[in-house]
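Throughout, protein chains are lettered first and strands after them, A, B, ... in sequence-line order, and every chain is numbered starting at 1. Heavy-atom basis, side chains included; hydrogens, waters and symmetry copies ignored.
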Amino acid sequence: MLSASDAGRIGRLVLPKKCAEAYFPPISQPEGLPLRVQDSKGKEWIFQFRFWPNNNSRMYVLEGVTPCIQNMQLQAGDTVTFSRMEPEGKLVMGFRKASSTSQSDQDNETSQTGDGVSANGDADLGPSPLV
DNA sequence: AGCCATGCACCG
DNA sequence: CGGTGCATGGCT
């Protein structure tokens, strides 16, 4: 879910650590990687996926999200979802409006391979290995 | 004890 | 003066 700072004009979106390490490629350098993500309209966005050192851990952040957020008219409280299409590894994104009164559910139904998320055989091994 | 949202200091 | 990168505080 987008926070005020996520939706603000800073252009940075803080990513939950668990989500980042589960659905995005592992990165060992703070600069991270440029990610190509496709939305439900087929439009493609490029985000810089990186992290900041925080305490003894990391804070994962998506940079360059402002054009996407503006194009989708997202605001704080709205929910953004990411999924990985296997085996392509293609990233797709969807969003759900926070307006509880008007159920503007979008959900991304690309109906491509139909495989939502998997290809993760190391579920119960603990934290993802780094470097 | 750790995470995450945000404040903020330093650097251009 | 604005942004990046980080630290801190609130909260779980």
Does anything in residues 7-16 of chain A form a salt bridge (charged side-chain N to carboxylate O under 4.0 Å, His left out)? List the pairs, not counting sequence neighbours.
none

Students should find this one: the first and last nucleotides of DNA chain C, 5' to 3', lying under 4.0 Å from a heavy atom of chain A. What are they?
C:dT4 to C:dT8

Listed once per pair and sorted, the ring pair (Phe, Tyr, Trp, His ring centres under 6.0 Å) pairs that draw on residues 1-20 of chain A, sequence neighbours left out:
none

My understanding is that only residues two or more places apart in sequence, or in another chain, count here; which of them pass side chain to side chain contact (heavy atoms under 4.5 Å, CB included) with A:Lys43?
A:Asp39, A:Trp45, A:Asn71

Residues two or more places apart in sequence or in another chain: which of them pass side-chain hydrogen bond (donor to acceptor under 3.5 Å, both in side chains) with A:Thr66?
none

When we call it a touch if two heavy atoms are under 4.0 Å apart, what does A:Arg50 touch: a base, just sugar-phosphate, or nothing?
sugar-phosphate

Residues in side chain to side chain contact (heavy atoms under 4.5 Å, CB included) with A:Pro16, at least two apart?
A:Cys19

Which residues pass the ring pair (Phe, Tyr, Trp, His ring centres under 6.0 Å) test with A:Phe49, sequence neighbours left out?
A:Phe24, A:Tyr60

Ignoring hydrogens and geometry, is there a side-chain-to-backbone donor-acceptor pair from A:Thr81 to A:Gly94 under 3.5 Å?
yes

Residue set satisfying side-chain hydrogen bond (donor to acceptor under 3.5 Å, both in side chains) with A:Gln29, at least two apart, ordered chain then number -> A:Glu31

Side chain to side chain contact (heavy atoms under 4.5 Å, CB included) partners for A:Pro34, two or more places apart:
A:Ile46, A:Gln48

Mind listing the N/O atom pairs, protein and nucleotides 7-12 of chain B, below 3.5 Å?
none

Polar atom pairs (N or O), protein with nucleotides 3-5 of chain B, under 3.5 Å:
unit_1 : atom_1 : unit_2  : atom_2 : d
B:dC3  : OP1    : A:Lys17 : NZ     : 2.6
B:dC4  : OP1    : A:Lys17 : N      : 3.2
B:dC4  : OP2    : A:Lys17 : N      : 3.3
B:dC4  : N4     : A:Asn54 : OD1    : 3.3

Under a side-chain separation threshold of 4.5 Å, the hydrophobic residues clustered together with A:Val61 are A:Val14, A:Trp52, A:Met59

What nucleic acid atoms does A:Pro53 come within less than 4.0 Å of, heavy atoms only: base, sugar-phosphate, or nothing?
sugar-phosphate

